[in-house]
Visitor: 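Below is one structure. I have some questions about it.
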2 protein chains.
Amino acid sequence: MISKKTKYAINALVYLARHHKEHEPIQISRIAESEHIPRKFLEAILLDMKNAGILSSRKGKTGGYYLHKTPDEINIAEVMRLFDGPIALLPCVTHNYYERCEECKDEATCGIRSVFADVRNETVNMLKNATLQAIMDRSEAMQKALEK
Amino acid sequence: MISKKTKYAINALVYLARHHKEHEPIQISRIAESEHIPRKFLEAILLDMKNAGILSSRKGKTGGYYLHKTPDEINIAEVMRLFDGPIALLPCVTHNYYERCEECKDEATCGIRSVFADVRNETVNMLKNATLQAIMDRSEAMQKALEK
DNA sequence: TACATATCCCATCGGATTAATAGGAATTAA
DNA sequence: TTAATTCCTATTAATCCGATGGGATATGTA
């Protein structure tokens, strides 16, 4: 399961992508209200995403947050890694956080490892393709399909 | 990431599958030593798997654990669910533990949900196919490939 | 300049979960 | 009867998660 932090982050990002107007900052409290996220909690989340280069912000009156990249350049894999760490289910199949299994006798021929490596690759692929743009497109397509 | 409990469980299962001789129980301590799992911890893990119908046991002297099903009937999805709960990354895309997202406005057209539903389906598929037999086969295939 | 309103930053908190251990009851073969 | 094993309950230390509080800092506007 992903953490609430990650879920909130994704919801906030999609909100920002939907209301995206050329560097027009949107305030934390507006996002918090609309997406039903605890105000103070969201504050920390957005700040983290700013420091990670996903968002930009303006301080002071009329301040707020906006996307630092375009909606098709921000994907869920990036967000999940930021808040929940590695996407892989085993440390021995992560790329960025690799750690050997203490109990492992031979990594090169470990059947368990090879299963979880496949799962990781497939998952990362799907989550990388899941950009904010892709999410909005999907949502729209589903709406149209229902209207018929 | 899967818990150590799940990882230990899988390692123990593969060990049992490899040393599988028609209802011949293998002792906890033997598995613990060979797989480098804390003895007492493994005790609880094997007991859980017995209560879940994956293992059988014999008590008393010459007692121990053995597979209750054949190696191709036991898969990783089942083990993960037992110890770590749902495989899905969001509660709104699980089959057995479904829970609505509080903040969700319309589940039927939620783009986020549809992404995580895809991931769930793909992952469950792969993990269901990852039986103890399949793991042993993979391992053997990799060994042969290296010997060349 | 003063003020209102934002983000930024740090510290803390209760509760849940995880990994592991301890101690002893129940069972069974020899 | 005894030795060896699984079974069962309780406890622990450490860590993480979700959330909150208070105040420092920046900035547009009257």
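Side chains included, hydrogens not; waters and symmetry mates left out as well; all remaining heavy atoms used. This is a predicted model, so every value here is computed, not measured. Each chain gets a letter, A, B and so on, in the order the sequences are listed, and its residues count up from 1.
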Visitor: Please pick, from C:dT7, C:dT28, D:dA19, the nucleotide with the shortest atom-to-atom distance to any side-chain atom of B:Lys59.
Guide: C:dT28
Visitor: Considering only D:dT27, C:dG24, C:dA20, which nucleotide approaches the side chain of B:Lys40 most closely?
Guide: C:dG24
Visitor: Base, sugar-phosphate, or nothing for A:Ile28, non-hydrogen atoms under 4.0 angstrom?
Guide: sugar-phosphate
Visitor: Which is true for B:Glu43 with a 4.0 Å heavy-atom rule: it touches a base, it touches only sugar-phosphate, or it touches nothing?
Guide: base
Visitor: Considering only D:dG18, C:dG24, C:dA26, which nucleotide approaches the side chain of A:Lys4 most closely?
Guide: D:dG18
Visitor: Can you tell me the distance, in whole Å, between the NZ atom of A:Lys5 and the P atom of D:dT20?
Guide: 13 Å
Visitor: Between atom CG in B:Leu42 and atom P in C:dA22, what is the gap in whole Å?
Guide: 16 Å
Visitor: Which nucleotide sits closest to the side chain of A:Pro38: C:dT7, D:dT6, D:dT20?
Guide: D:dT20
Visitor: Of all the choices, D:dC8, D:dA4, C:dA20, which nucleotide is nearest to the side chain of B:Leu47 once you look at every atom?
Guide: D:dC8
Visitor: What's the CZ-C1' distance between A:Arg58 and D:dT29, to the nearest Å?
Guide: 14 Å
Visitor: With a 4.0 Å cut-off on heavy atoms, is B:Arg39 in touch with a base, just the backbone sugar-phosphate, or nothing at all?
Guide: base
Visitor: To the nearest 0.5 angstrom, please state how far the CE atom of A:Met1 sits from the OG1 atom of A:Thr6.
Guide: 13.0 Å
Visitor: Between C:dA29, D:dT5, C:dT21, which nucleotide gets closest to the side-chain atoms of B:Gln27?
Guide: D:dT5
Visitor: Mind checking if B:Tyr8 touches a base, just sugar-phosphate, or nothing, with heavy atoms under 4.0 Å?
Guide: sugar-phosphate
Visitor: Among C:dA20, D:dG18, C:dT5, which is the nearest nucleotide to the side chain of A:Lys61?
Guide: C:dT5
Visitor: Round to the nearest Å and state the distance from A:Met1 atom CE to C:dA16 atom C1'.
Guide: 16 Å
Visitor: Under 3.5 Å, is there a donor-acceptor pair between the side chain of A:Arg58 and the main chain of A:Pro25?
Guide: no
